[in-house]
Trainee: 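Take this structure first; my questions come after.
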Number of protein chains: 2
Amino acid sequence: MPEKPELDFPRPLTTVDVVIFAIRSNALQVLLVQRPRAETEPFPGAWALPGGFVDVAGDRDLEACAARKLKDKTGVVSPYLEQLGSWGSATRDPRGWSATHAYFALLPEQAAGGALAADAQWFAVEGEKVRPNLAFDHAEILQAAVQRLRSKVEYTSLPAYLMPPEFTLPELQRTYEIVLDRPLEKSAFRTRMLAADLIEPVARMRKGPNRPAQLYRLKKARAPVFFARTFNPPG
Amino acid sequence: MPEKPELDFPRPLTTVDVVIFAIRSNALQVLLVQRPRAETEPFPGAWALPGGFVDVAGDRDLEACAARKLKDKTGVVSPYLEQLGSWGSATRDPRGWSATHAYFALLPEQAAGGALAADAQWFAVEGEKVRPNLAFDHAEILQAAVQRLRSKVEYTSLPAYLMPPEFTLPELQRTYEIVLDRPLEKSAFRTRMLAADLIEPVARMRKGPNRPAQLYRLKKARAPVFFARTFNPPG
DNA sequence: TAAGTTAGTTGGACTGTACAACTAAGTATG
DNA sequence: CATACTTAGTTGTACAGTCCAACTAACTTA
């Protein structure tokens with residue numbers, strides 16, 4: 001196969017990493033995997049974001065590669081998956097110049113409870129931090145993912161992707177509150193959600209520890225909604 | 001140099017492309033470069049986004065690589081530069097599996113008039129389209145950049161980076177209107193801009209074809225401001 | 001000197017949020 | 001079985017920001 005001279009440049013390593021979020025036990029959690037303990041590996045035994053090298057033969061494109069890694073670790077096939085950004089430098093991987101394409105995924109709670117890979121484990125995200133020290137620059141990537149999630153939750157309907165197929169308005173509000181880590185106004189939340197034309201009521205009601213509550217579901221084929229204002233402006 | 005087996009994977013080509021915007025002649029314009037006409041090159045003679053391979057020896061990280069390519073083509077050293085996203089697939093480059101890290105830059109008009117590279121030229125962006133057929137998937141990347149710019153202009157102070165150091169409020173509003181391609185309300189624009197605590201008045205006034213107009217400048221160390229509402233909601 | 005242009009202000013109608021009080025319908029407890 | 005508790009959802013008032021239009025002020029041009 002003839003190659004042009006310029007293609008003889010040394011090429012950076014190319015990886016894809018996925019920040020996988022779910023609400024579990026009333027907290028925002030992220031899925032991490034433990035790196036192999038072999039000393040030939042970088043960061044042996046450390047926790048890291050799920051990810052790895054692009055398979056030039058098998059991966060059609062970057063998003064397919066991210067979806068593959070997500071499925072490998074969780075069994076989930078098509079959740080919300082969004083590109084987060086890319087990180088590349090000469091120093092982030094001890095094996096050489098490397099660039100990673102980072103994605104973030106949102107899973108409903110019950111999907112997050114499924115068939116986890118053996119090396120994978122959920123960790124709570126608290127105040128943009130996570131307990132273990134992460135391999136590579138994954139702490140920075142994770143922090144960017146949490147910031148992006150929090151920021152988009154302010155003005156979009158993203159948290160709906162963290163919900164089961166049917167949910168009540170207060171449940172949706174609680175999800176917003178967990179991600180944002182602050183309480184929201186009940187009536188303003190209701191007004192905005194209903195005005196957004198994002199969810200629709202289903203016939204059934206949920207019997208809770210109170211009166212029956214109206215169940216809603218996401219309207220089909222509805223992209224994330226952009227809200228005009230932030231909730232509870234500071235002050 | 002000992003390498004682990006997994007590093008023998010074929011690596012994707014890694015490039016960085018920069019979408020460079022400026023307001024010129026009261027229109028949003030983007031800088032394109034013409035690809036070499038040699039038949040050994042992909043897309044010979046076609047217009048493309050400024051960009052190219054990451055220099056593993058010379059580029060510290062992706063952003064430095066983007067800044068280098070920007071400086072090569074425009075001479076501008078440190079404008080607003082933001083990561084846009086990455087595009088990677090087996091088919092986007094005829095030479096093989098490739099991934100590009102795309103950035104977008106905003107230049108003030110006078111900086112955009114500077115020392116252009118010989119193969120570079122400004123093109124007007126009209127309705128998210130640009131005249132020439134672009135090489136690779138650069139039309140898609142450019143479209144994403146325009147969308148991102150328009151969208152962020154709705155709710156941030158980004159257009160300030162397209163302004164000269166000192167400007168009047170109506171001039172700033174005109175820049176918003178050019179990017180958004182629709183008129184904005186004068187009094188609402190003024191209220192929002194001043195409330196955003198983003199710009200500060202300078203002592204001098206500008207003598208225009210009317211009375212002296214107050215000059216403003218960007219407050220230092222001020223990140224893009226997030227506005228609560230969109231301008232002129234549809235309808 | 002008169003007409004035109006543009007910067008900036010003012011006021012009324014309207015919309016959506018913050019906050020708090022309220023009603024209604026279930027559950028838990030004695 | 002009666003009472004208290006909990007939570008879903010509503011209502012009302014105050015307030016802030018936008019939309020729209022009319023207005024004033026200061027300069028330019030004919």
Side-chain angles (χ1 to χ4, degrees), chain A residues 26 153-157 159 163-164 166-178 180-217 225-235, chain B residues 26 153-157 163-164 166-178 180 182-217 225-235:
Chain A
N26 290 317
V153 161
E154 286 282 357
Y155 59 90
T156 75
S157 56
M163 304 300 294
E166 296 188 350
F167 49 85
T168 66
L169 262 180
E171 285 166 357
L172 181 59
Q173 181 174 348
R174 261 186 300 274
T175 298
Y176 271 82
E177 291 171 337
I178 287 170
L180 289 176
D181 196 26
R182 73 169 194 266
L184 301 180
E185 274 307 311
K186 182 168 50 166
S187 59
F189 183 84
R190 183 184 191 78
T191 305
R192 184 185 288 194
M193 274 299 152
L194 296 182
D197 192 38
L198 164 78
I199 58 179
E200 58 188 359
V202 299
R204 300 186 303 106
M205 299 268 188
R206 169 166 303 165
K207 304 254 181 192
N210 44 3
R211 80 164 165 189
Q214 179 61 57
L215 285 172
Y216 293 86
R217 65 166 164 247
V225 168
F226 187 97
F227 297 130
R229 281 185 168 283
T230 57
F231 293 112
N232 294 346
Chain B
N26 289 316
V153 162
E154 286 283 357
Y155 58 89
T156 75
S157 57
M163 305 301 293
E166 297 188 349
F167 49 85
T168 66
L169 262 179
E171 284 166 358
L172 181 58
Q173 181 174 348
R174 239 163 275 132
T175 297
Y176 270 82
E177 290 172 336
I178 288 170
L180 289 176
R182 73 170 195 267
L184 301 180
E185 274 309 310
K186 182 168 48 166
S187 59
F189 182 83
R190 181 182 192 79
T191 306
R192 183 185 290 193
M193 273 299 150
L194 296 182
D197 192 39
L198 163 79
I199 58 180
E200 57 188 1
V202 299
R204 301 187 301 106
M205 298 267 185
R206 170 166 302 166
K207 303 253 180 190
N210 44 1
R211 79 164 168 191
Q214 178 63 57
L215 285 172
Y216 294 86
R217 64 164 164 247
V225 168
F226 188 97
F227 296 131
R229 279 186 168 281
T230 58
F231 292 112
N232 295 343

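By convention in this document, chain letters (A, B, ...) are assigned in the order of the sequence lines, proteins followed by strands, and residues within each chain are numbered from 1.
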Trainee: Would a 4.5 Å heavy-atom cut-off, applied to side chains only, mark B:Leu169 and B:Ile199 as touching?
Mentor: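 Yes, side chains in contact.
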Trainee: Whole Å only: how far is the CZ atom of A:Phe189 from the C1' atom of C:dA20?
Mentor: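 Going from A:Phe189 (CZ) to C:dA20 (C1'), I get 20 Å.
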Trainee: Examine D:dG17: is either OP1 or OP2 under 4.0 Å from a nitrogen or oxygen in the side chain of B:Arg192? Give yes or no.
Mentor: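 Indeed not, no polar side-chain atom of B:Arg192 lies that close.
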Trainee: Rounded to whole angstrom units, what separation is found between the CZ atom of A:Arg182 and the C1' atom of C:dT17?
Mentor: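 Distance check: A:Arg182 CZ to C:dT17 C1' gives 13 Å.
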Trainee: State which residues pass side-chain contact (heavy atoms from CB on, under 4.5 Å) with A:Gln214; sequence neighbours excluded, sorted by chain then number.
Mentor: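 Testing A:Gln214 for side-chain contact (heavy atoms from CB on, under 4.5 Å), a comparison that skips the adjacent residues, returns A:Pro201, A:Met205, A:Tyr216.
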Trainee: In whole angstroms, how far is the P atom of C:dA20 from the CG atom of A:Leu184?
Mentor: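 Between P of C:dA20 and CG of A:Leu184: 16 Å.
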Trainee: Which heavy atom of A:Arg217 sits nearest to which heavy atom of A:Val202, and what is that distance?
Mentor: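 Reported closest heavy-atom pair: NH1-CG1, 3.3 Å.
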Trainee: Please name the pair of heavy atoms, one in A:Leu184 and one in A:Tyr176, separated by the smallest distance, quoted to 0.1 Å.
Mentor: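 Smallest heavy-atom distance, with atoms named: CD1-CB, 3.7 Å.
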Trainee: Identify which nucleotide among C:dA18, C:dT17, D:dA8 has an atom closest to any side-chain atom of A:Glu185, counting heavy atoms from C-beta outward.
Mentor: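 Of the candidates, C:dA18 comes closest.
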Trainee: Could you list, one pair per line, each protein nitrogen or oxygen that sits under 3.5 Å from a nitrogen or oxygen of nucleotides 8-12 of chain C, together with the distance?
Mentor:
from, atom 1, to, atom 2, distance (Å)
C:dG8, OP1, B:Gln214, N, 2.9
C:dG8, O4', B:Arg211, NH2, 3.0
C:dG8, N7, B:Lys186, NZ, 2.9
C:dG8, O6, B:Lys186, NZ, 2.7
C:dT9, OP2, B:Arg190, NE, 2.5
C:dT9, OP2, B:Arg190, NH2, 3.2

Trainee: With a 4.5 Å limit on heavy-atom distance, are the side chains of A:Glu177 and A:Gln173 in contact?
Mentor: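 In short, these two side chains touch, coming nearer than 4.5 Å.
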